[in-house]
Colleague: 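Got a structure for you, questions after.
Chain letters run A, B, ... following the sequence lines, proteins first, then strands; residues in each count from 1. Just so you know, these numbers come straight off a predicted model, no measurement behind them.
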Amino acid sequence: MSIEQRLQEEVSQAFNQLFDFKLKPEEVAIQPTRKEFEGSHTFVTFQYLKITKKSPEQSGQAIGEYLRQHSDIVQDFNVVKGFLNLVIADNVWLSSLNDLRKNENYGQLPANGQKVMVEYSSPNTNKPLHLGHLRNNFIGYSVSEILKANGYEVMKVQIVNDRGIHICKSMVAYEKFGDGETPESSNTKGDHLIGKYYVKFDQEYKKEIQALVAAGKDSETAEKTAPILLEAQDTLQKWERRDQKTVDLWKKMNGWVYKGFDDTYHKMGVDFDKYYYESDTYLLGKDIVDQGLSSKVLYRNDDGSVWIDLEEDGLDKKLLLRSDGTSVYMTQDLGTADMRHQDYPFDKCIYVVGNEQDYHFKVLFLILKKLGKDFADGLHHLSYGMVDLPSGKMKSREGTVVDADELIADMLETATAKTKELGKIEGFTTKQATALYEVLGLGALKYFLLKVDPKKRMLFNPSESIEFQGNTGPFIQYTHARIAAILRRAKELNVVEDFNAESISLQSPERELIRLLSEYPLKVREAGENYSPSVIAQYVYDLAKEYNRFYAELSIFGEEDQNIVSFRVALSGAVTQVIKKGMTLLGIIVPERM
RNA sequence: GGCCUCGUAGUUCAAUGGAUAGAAUAGGAGUUUCCUAAACUCUAGAUGCAGGUUCGAUUCCUGCCGAGGCUACCA
């Protein structure tokens with residue numbers, strides 16, 4: 001049982017004894033004590049005054065007095081206004097350190113028998129990945145790891161948007177201007193090559209529009225009738241008719257893109273258990289629409305189109321089948337959700353998708369619920385905010401995107417330069433040094449994107465956002481490497497990590513470190529409940545920061561008392577383990593030296 | 001227009017309705033015969049505006065101002 005839980009029990013007993021009131025232990029609100037007061041746990045009395053029928057101060061005093069006399073773990077207390085600050089005995093801290101040290105699975109909750117599907121990444125195949133995708137992928141991967149730590153069985157999937165007008169645009173431009181170029185012939189990553197033709201399409205399209213306008217057409221007509229656009233639409237129709245030549249080209253070009261994506265995913269350190277392809281799923285959902293019609297959840301218009309009316313729920317009417325009987329995005333998503341639930345009978349399914357689709361998912365989930373799908377309650381849209389640039393939103397057509405591959409390469413370069421400048425790679429082989437640069441560059445990038453609450457929009461300034469000092473990935477990695485050095489030295493000196501708790505009186509950074517360590521499982525749970533890697537990121541930073549304070553203030557091997565040396569080495573070992581676990585949840589590797 | 005987010009130090013981010021609103025960075029001042037200075041210490045600096053609910057509001061409610069998003073028989 002954690003210290004917090006024990007306190008809840010004891011406060012509950014105090015209420016029973018002092019005020020003859022049955023307060024459930026889980027209803028006892030304990031919060032961390034602010035730095036400037038003595039103690040580690042604080043019980044706030046205000047909300048219980050109706051029960052105690054005393055002033056805040058008197059209530060705190062009474063409960064504090066009771067705990068000091070009857071509690072096994074409370075050594076002392078003080079009351080400031082209505083806040084009862086509790087001081088936990090050192091031996092309690094020390095034994096809790098020993099408990100968590102011995103627990104290899106510390107922070108890993110037991111399996112809860114529930115299955116979760118996490119969908120993330122899900123790119124279009126007409127252009128390379130960009131900064132927004134990086135945030136998506138890092139969040140998706142990290143949330144999957146966090147859910148595993150919370151006892152879920154996790155299936156990571158993505159649905160590749162491999163068909164549609166966008167890829168046809170690249171295809172048309174490639175046929176017109178490609179001249180047989182391949183990734184090999186031009187030494188270009190496949191996804192970048194396709195992206196090049198997507199941009200080319202847009203340039204030609206704009207030229208044609210201008211020409212048409214110059215010839216006297218109004219701009220709206222020009223936009224709709226530009227020959228190259230008609231060609232793209234024609235290509236889409238040929239694709240849907242399974243025209244062999246079109247399908248062959250489509251396969252070839254998508255193949256190039258997948259190779260490029262795989263390369264980027266590999267560099268990013270993310271992976272998937274299963275891929276879905278929209279070319280396989282875009283026709284799904286019609287049978288669900290039929291069911292919906294017969295159960296009268298949906299209705300058919302005079303022109304034959306099928307709709308659902310969500311106005312009672314404060315939303316609009318939504319189209320589900322066009323008048324010509326073809327489906328729309330929503331239809332396909334209905335079908336896909338149903339199919340995925342059959343593939344993998346999940347209890348929860350998390351869609352990691354940007355917040356511009358908030359409305360879409362609200363509608364999707366509501367329709368599934370109205371159609372009586374029992375899995376609808378387990379669906380969750382993990383809606384994350386856009387990554388903005390100082391110039392505003394990224395727009396691929398305006399060339400203001402930050403390319404994922406380029407950014408990763410930049411990070412590596414910066415990490416390399418920084419490391420060399422600090423002269424930190426003495427004794428490293430070239431291979432080790434390269435590996436370290438990757439770990440640091442990627443760590444900085446991932447931490448930067450994950451430390452912010454996913455829900456919030458965030459700003460990325462290419463020239464100054466990624467730092468290696470302060471609240472950053474490398475700061476935490478550095479702390480880990482420092483501790484690793486301590487542990488290596490301890491091994492050389494044959495320091496045993498077992499210590500005698502009786503004779504140790506804790507210094508404040510030591511007590512604070514153990515307190516932080518004991519919070520870790522709570523943070524894992526909080527991160528899981530909120531689908532928020534940022535909870536872990538902030539926590540690991542706090543832990544690393546506190547360790548550095550400890551490191552600066554107290555000597556480990558300079559201490560004469562060998563028992564204290566053992567204790568400090570043991571504490572360091574526990575800190576490094578938790579840092580590593582936490583960073584692993586974020587998908588960030590921590591180095592042994594740097 | 002309607003609907004949904006969001007406004008916190010110069011800047012980028014924190015804060016289950018709790019105490020004197022935390023960090024980082026940029027600024028100022030320091031720390032290395034001592035386990036890695038990518039570190040540590042000190043200093044200065046913020047809740048858009050106006051009301052309301054509450055013992056207590058950055059947090060909840062209303063209005064205003066400002067930023068962004070959604071509002072396709074596109075995906």
Side-chain angles (χ1 to χ4, degrees), chain A residues 29 31 33-37 42 44-47 49 55-56 80-83 85 124 161 163-166 278 282 301 303-307 314-316 319-330 332-333 354-360 362 383 385-386 388 390 392-393 415 418-419 421-422 424 440 444 448 451-453 455-461 464-465 467-479 481-490 493 526 529-530 534 537-538 541-542 544-545 547-559 565 568-569 572 593-594:
Chain A
Q31 56 185 253
T33 303
R34 290 184 71 103
K35 274 271 164 56
E36 56 269 34
F37 301 104
T42 294
V44 185
T45 60
F46 298 103
Q47 53 203 299
L49 298 182
S55 75
V80 181
K81 298 187 207 166
F83 298 89
N85 301 319
N124 291 357
N161 191 358
R163 55 134 248 142
I165 193 71
H166 48 86
E278 217 180 279
Y282 79 108
N301 246 356
D303 62 3
S305 56
V306 177
W307 297 74
L315 304 172
D316 298 318
L319 177 87
L320 292 175
L321 280 184
R322 297 189 184 100
S323 46
D324 64 4
T326 55
S327 54
V328 293
Y329 185 44
M330 186 63 78
Q332 163 190 326
D333 265 11
N355 64 9
E356 74 242 337
Q357 295 203 37
D358 283 356
Y359 185 75
H360 173 79
K362 221 187 214 173
S383 160
M386 298 290 108
D388 289 329
K393 201 189 171 186
K418 188 91 191 166
T419 307
E421 179 191 316
L422 291 169
K424 293 261 182 162
L440 295 180
F448 175 79
K451 76 173 173 187
V452 181
D453 183 336
K455 291 195 282 295
K456 298 209 171 152
R457 213 159 95 206
M458 66 183 290
L459 190 111
F460 178 81
N461 185 336
E464 54 189 52
S465 276
E467 305 268 349
F468 287 73
Q469 278 160 4
N471 188 352
T472 66
F475 170 89
I476 297 162
Q477 292 171 317
Y478 172 72
T479 308
R482 249 185 171 182
I483 302 176
I486 296 278
L487 298 180
R488 282 194 296 273
R489 174 132 182 233
L493 298 175
E526 189 186 335
E529 281 167 359
N530 298 307
S534 69
Q538 297 289 345
Y541 171 71
D542 287 339
K545 178 138 188 76
Y547 187 84
N548 282 323
R549 186 173 297 140
F550 160 80
Y551 186 94
E553 282 181 29
L554 301 168
S555 172
I556 295 172
F557 299 110
E559 177 60 43
V565 174
R568 287 183 184 162
V569 169
S572 300
R593 316 165 190 261
M594 66 183 270

Colleague: Would you measure the distance from the P atom in B:U25 across to the matching atom in B:A39 and give it in whole Å?
Modeller: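 Nearest-Å result for B:U25 against B:A39 at atom P: 7 Å.
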
Colleague: Restricting to side chain to side chain donor-acceptor pair (under 3.5 Å), what partner residues turn up for A:Q538, sequence neighbours left out?
Modeller: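 None.
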
Colleague: Assign A:N85 to base, sugar-phosphate, or nothing according to its heavy-atom contacts below 4.0 angstrom with the strands shown.
Modeller: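 The answer is base, as A:N85 lies within the cut-off (heavy atoms under 4.0 Å) of a base atom.
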
Colleague: Mind checking A:D542 for me? I need base, sugar-phosphate or nothing, with any heavy atom below 4.0 Å counting as a touch.
Modeller: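 Here A:D542 touches no strand at all.
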
Colleague: Expressed as a whole number of Å, how far does the P atom of B:G1 sit from that of B:C40?
Modeller: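 Nearest-Å result for B:G1 against B:C40 at atom P: 50 Å.
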
Colleague: A:E553 near the nucleic acid: base, sugar-phosphate alone, or nothing, with a heavy-atom cut-off under 4.0 Å?
Modeller: nothing

Colleague: Under 4.0 Å between any heavy atoms, over every strand shown, what does A:R34 touch: base, sugar-phosphate, or nothing? Just pick one.
Modeller: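 Touches a base.
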
Colleague: Please report the distance separating the P of B:U59 from the corresponding atom of B:U41, rounded so that it comes out in whole Å.
Modeller: 31 Å

Colleague: Hey, does A:L422 reach any base, or is it just sugar-phosphate, or nothing, if we go heavy atoms under 4.0 Å?
Modeller: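 Touches a base.
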
Colleague: How far does the P atom of B:A26 sit from the matching atom of B:U5, given to the nearest Å?
Modeller: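 To the nearest whole Å, 36 Å.
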
Colleague: Hey, does A:L440 have a side-chain heavy atom less than 4.5 Å from the side chain of A:K418?
Modeller: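 With C-beta onward as the side chain, the pair stays apart.
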
Colleague: Any base atoms under 4.0 Å from A:M386, or only sugar-phosphate, or nothing? Heavy atoms, all strands.
Modeller: nothing

Colleague: How far, in whole Å, is B:U20 from B:A15 if one measures between their C1' atoms?
Modeller: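 Between the two C1' atoms, the distance is 14 Å.
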
Colleague: Check for a donor-acceptor pair, side chain of A:K451 on one end and backbone N or O of A:Y541 on the other, with a separation under 3.5 Å.
Modeller: no

Colleague: Under 4.0 angstrom, heavy atoms only, what part of the nucleic acid is A:F37 near: base, sugar-phosphate, or nothing?
Modeller: base

Colleague: Within the 4.0 Å heavy-atom criterion, would you say A:L554 contacts the bases, only the backbone, or no part of the nucleic acid?
Modeller: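 If one applies the 4.0 Å heavy-atom cut-off, A:L554 turns out to touch a base.
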
Colleague: Determine the contact category for A:K545: base if any of its heavy atoms lies under 4.0 Å from a base atom, sugar-phosphate if only primed atoms, P, OP1 or OP2 are that close, otherwise nothing.
Modeller: sugar-phosphate

Colleague: Heavy atoms under 4.0 Å, any strand shown: does A:Y359 hit a base, just sugar-phosphate, or nothing?
Modeller: sugar-phosphate

Colleague: Within the 3.5 Å criterion, strictly below it, is a donor on A:R482 or A:N548 matched to an acceptor on the partner's side chain?
Modeller: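 Distance-only check passes for A:R482 and A:N548.
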
Colleague: Write down the distance separating the C1' atoms in B:G45 and B:C55, rounded off to the nearest Å.
Modeller: 31 Å

Colleague: Toss me the dot-bracket line for RNA chain B: Watson-Crick and G-U wobble, both under 3.5 Å, 5' to 3', using | for pairs to another strand and [ ] for crossers.
Modeller: (((((((..((((....[...)))).(((((.......)))))....(((((..]....))))))))))))....

Colleague: Determine the Euclidean distance between corresponding P atoms of B:U8 and B:C49; express it in Å to zero decimal places.
Modeller: 11 Å

Colleague: Name the nucleic acid region contacted by A:T326, choosing base, sugar-phosphate or nothing; use a 4.0 angstrom heavy-atom cut-off, strictly under.
Modeller: nothing

Colleague: Please report the interatomic distance OG(A:S572) to OH(A:Y551), rounded to the nearest 0.5 Å.
Modeller: 9.5 Å

Colleague: Can you find a pair of side-chain heavy atoms, one from A:N301 and one from A:S323, that are under 4.5 Å apart?
Modeller: no

Colleague: With sequence neighbours excluded, what pairs up with A:F468 under the ring pair (Phe, Tyr, Trp, His ring centres under 6.0 Å) test?
Modeller: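 So A:F468 forms no ring pair (Phe, Tyr, Trp, His ring centres under 6.0 Å) with any residue.
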
Colleague: Answer yes or no: are there more than 12 heavy-atom neighbours, outside A:R593 itself, under 6.0 Å from its atom CZ?
Modeller: no

Colleague: How far does CG of A:N471 sit from NZ of A:K545, to the nearest 0.5 angstrom?
Modeller: 9.0 Å

Colleague: Taking atom P in both B:G17 and B:U32, what distance in whole Å separates the two?
Modeller: 45 Å

Colleague: For A:Y478, which residues count as a ring pair (Phe, Tyr, Trp, His ring centres under 6.0 Å) partner, sequence neighbours excluded?
Modeller: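 So A:Y478 forms no ring pair (Phe, Tyr, Trp, His ring centres under 6.0 Å) with any residue.
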
Colleague: Which part of the nucleic acid, if any, lies within reach of A:L440 when heavy atoms closer than 4.0 Å are counted: base, sugar-phosphate only, or nothing?
Modeller: base

Colleague: Please list, in numerical order, the residues of residues 471-479 of chain A that have a heavy atom closer than 4.0 Å to any atom of RNA chain B.
Modeller: A:N471, A:F475, A:Y478

Colleague: Taking atom OG of A:S534 and atom CG of A:D453, what is their separation to the nearest 0.5 Å?
Modeller: 4.5 Å

Colleague: Starting at the 5' end of RNA chain B and moving along, which residue's nearest nucleotide shows up first, A:F448 or A:K455?
Modeller: A:K455

Colleague: When you measure from the side chain of A:R322 to the backbone of A:S305, do you find a donor-acceptor pair of N or O atoms at a distance under 3.5 Å?
Modeller: no

Colleague: Give a yes or no answer on whether the side chain of A:T419 reaches the backbone of A:K424 with a donor-acceptor pair at less than 3.5 Å.
Modeller: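 No, because the side chain of A:T419 does not come within donor-acceptor range (under 3.5 Å) of the backbone of A:K424.
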
Colleague: What is the 5' to 3' range of RNA chain B, first to last nucleotide, that sits under 4.0 Å from any heavy atom of chain A?
Modeller: B:U12 to B:A75

Colleague: Between A:N124 and A:T419, name the one whose nearest nucleotide on RNA chain B is closer to the 5' end.
Modeller: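 Taking each residue's closest nucleotide, the earlier one in sequence belongs to A:T419.
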
Colleague: Under 4.0 Å between any heavy atoms, over every strand shown, what does A:A490 touch: base, sugar-phosphate, or nothing? Just pick one.
Modeller: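 If one applies the 4.0 Å heavy-atom cut-off, A:A490 turns out to touch nothing in the nucleic acid.
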
